[in-house]
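Single-structure report; data block below.
Every value quoted in this text rests on a predicted model; they were computed, and no experiment measured them. Proteins come first, then strands; the chains are lettered A, B, ... in the order of their sequence lines, and each starts at number 1.
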Amino acid sequence: MPAPHGSDGFEEFARAGQQRLYRTAYLLCGDAETARDLTQTTLAKLFQHWRKVAAADHPHAYAKTVLTRTFLAERRRGLRDLLAFTRTGGLGPAPLAAHADLRVTLLAALAELPPRARAMVVLRYWEDLSVETVASLLRCSESTVKSQCSRSLARLRDRLGEAHLYATDHHATGS
Amino acid sequence: MDDETIVKSAMDRTTDDLPPLPDLVPLAIRQGRRRVARARLAVVAGSFAVVTATALGLTLLPGTASQVPIPAAPPSPSPSAYRTPVTLEPTPGQQPPARVPDAERQRLADFQQRAAALLDELLPDSVTDVRPVADHVRQYRITAGGRTFPLFLSVAPADDEPQPCPSVQDKRLTCSMVDLGGGRTARALKMMMGPDTYGYEVGLRHGRSRASLSVTAAEPTKTQPAVSSPVTTEALLTVVRDRRFTDLLTYADEHPVQKKDTSVVGG
């Protein structure tokens, strides 16, 4: 969806995109409250540079870049860890869903990855971005993205093994 | 099913379980405006430093002052600007908060939301976030310079007279009585909380209640030392003098949000 120009266009753009950003933020952070904070900070940064964002060819891609770089910067500063420390449980309240095990397993497996590797996996497999785009966004080489993603993918697949089968079974039986 | 598909599917299902997202746009706009204002001030400060360094002794050209960008005043907090409460882990041996009926709990949470929005507006720009603490009606957390500080807003019914400054003072406690106008006075305290680390409090009587507003120091972490409250008594007095804050106190006085309290406020 193209972003409308003008200061008023920000609200429309932000409302249309915040849910998707929140989901991506959740996969990056692993807890809902921190994901909300990250999403809000991202939207605030987009507001700050709105003219530039609105003029970009792909404003939503710009938003993903801001989100990911903000996540990595904050991880470096340890700020998110500090905030998470004041809250209950890193994974938040357990949802009433059949695939709760899968959620816990995936988030635990993602948490084992270093922040940059985690960002690569989320961008590559959740956002469906190309290797080239991920490399450009994270300012690294394509070969780094390929090798990191390959290693991380194998690791995630290994951890997801049983949880995935359990969730698939639930899904199939509709329970 | 290949590895990539399995991971994608797991991500899909995981994010499907997310709790609903409140509308973040009003808060993001407010935060964004502050970022713009800070960036402008930084540019102005930088330019001023350069001018001062290179043209020391020269007077400012006429009209310069009017060209300094002045940050736009932030809008009043929108009712939809929900602030996610911070949830505290009980410390060992600590009693959990008393259970209250759902309707009362919601009323207290609404009061905290209203207070947090107002405090966010009235506290200095260095404070970038104000959040209520869930189930602790007088507790909030504020963020400034990347650190988190406890803020306490207490309005509790009390029979006692306005509290004067302690007669004996030392370097750990500075106290002064401040005239708020209209026959109201407040007690302003600066409290030493550690070596070169201070917290601040303003206390006053309001109706049949004793009210206080305080911000204490940020506790040390593994990597960072303790830091004094970024909000001094002057900033707290600015809040206390605002009519909207008085309205908030009036509500809490007429519809108490805390039990009758005989303890020292601010703790």
Side-chain angles (χ1 to χ4, degrees), chain A residues 10-11 14-15 18-19 21-24 26-27 32-33 35-37 39-48 50 77-79 82-83 85-89 92-93 95-97 99-100 102-107 109-110 121-122 124-126 128 152-154 156-157 160 163-164 167-168 171, chain B residues 1-40 81-90 128-129 131 133-135 139 141 143 145-148 150 218-219 221-224:
Chain A
F10 173 78
E11 284 196 38
R15 288 218 163 81
Q18 62 180 342
Q19 190 69 39
L21 287 173
Y22 175 48
R23 286 160 74 102
T24 303
Y26 183 56
L27 291 172
E33 283 188 28
R36 267 198 291 267
D37 289 347
T39 307
Q40 188 180 313
T41 303
T42 301
L43 292 175
K45 287 183 176 179
L46 293 172
F47 178 86
Q48 184 184 0
W50 177 238
R77 287 207 306 267
L79 178 60
L82 180 67
L83 290 173
F85 179 71
T86 65
R87 297 170 180 151
T88 49
L96 298 172
H99 35 268
L102 180 72
R103 182 185 79 106
V104 172
T105 307
L106 176 71
L107 293 178
L110 284 171
V121 166
V122 171
R124 183 85 182 89
Y125 303 118
W126 165 251
D128 262 335
S152 301
L153 189 63
L156 288 175
R157 176 65 185 87
L160 284 172
H164 169 71
T168 306
H171 203 62
Chain B
M1 204 183 279
D2 63 22
D3 291 354
E4 203 173 309
T5 310
I6 288 170
V7 169
K8 280 181 181 175
S9 158
M11 287 175 168
D12 270 336
R13 291 184 192 178
T14 297
T15 53
D16 283 346
D17 288 344
L18 268 171
L21 180 71
D23 184 11
L24 299 177
V25 175
L27 274 177
I29 289 177
R30 183 161 160 64
Q31 194 179 334
R33 284 200 171 114
R34 284 184 162 192
R35 296 181 71 90
V36 171
R38 277 200 300 271
R40 283 179 182 166
Y82 179 77
R83 284 145 208 281
T84 308
V86 175
T87 307
L88 297 184
E89 284 273 33
T128 53
D129 193 23
R131 288 169 186 265
V133 174
D135 298 323
Q139 294 191 35
R141 291 289 180 272
T143 305
R147 297 292 299 268
T148 304
E219 292 187 358
T221 65
K222 284 179 184 172
T223 55
Q224 293 174 302

Among B/Asp16, B/Asp12, B/Thr14, which one satisfies side-chain hydrogen bond (donor to acceptor under 3.5 Å, both in side chains) with A/Arg23? B/Asp16
For B/Arg35, what residues pass the salt bridge (charged side-chain N to carboxylate O under 4.0 Å, His left out) criterion, not counting sequence neighbours? none
Taking all heavy atoms of A/Glu33 and all of B/Pro85, pick out the closest pair and write down the distance. OE1-O, 3.8 Å
Looking at every non-hydrogen atom in both residues, tell me the closest pair between B/Ala28 and A/Leu43 and how far apart they are. CB-CB, 3.4 Å
Can you name the side-chain hydrogen bond (donor to acceptor under 3.5 Å, both in side chains) partners of A/Thr24, sequence neighbours left out? A/Trp126, A/Glu127
Option in A/Leu27, A/Leu156, A/Leu110 with maximal non-hydrogen atom pairs under 4.5 Å from chain B: A/Leu27
Distance from A/Gln40 atom CD to B/Ile29 atom CD1, nearest 0.5 Å? 11.0 Å
Could you give the distance from CD (B/Gln31) to NZ (A/Lys45), rounded to the nearest 0.5 Å? 9.5 Å
Would a distance-only check, ignoring hydrogens and angles, find a side-chain to backbone donor-acceptor pair under 3.5 Å from A/Gln18 to B/Leu24? yes
Taking all heavy atoms of B/Lys8 and all of A/Tyr125, pick out the closest pair and write down the distance. CG-O, 3.0 Å
Reported CZ-to-CD1 distance for the pair A/Arg157 and B/Ile6, which is rounded to 0.5 angstrom: 3.5 Å
For a 4.5 angstrom cut-off between non-hydrogen side-chain atoms, does B/Pro20 reach A/Tyr22? no
Between B/Leu18, B/Thr128, B/Thr84, which has the largest tally of heavy atom pairs under 4.5 Å with chain A? B/Leu18
Select one option (side chain, backbone, both, neither) describing which atoms of B/Asp129 are under 4.5 Å from chain A's heavy atoms. neither
Is there a side-chain contact between A/Arg36 and B/Leu27, using heavy atoms and a 4.5 Å cut-off? no
Do B/Arg13 and A/Leu106 pass the side chain to side chain contact (heavy atoms under 4.5 Å, CB included) test, and can you show the C-alpha distance, the side-chain angles, and the key distance before you say yes or no? CA-CA 10 Å; B/Arg13 291 184 192 178; A/Leu106 176 71; over 6 Å; no
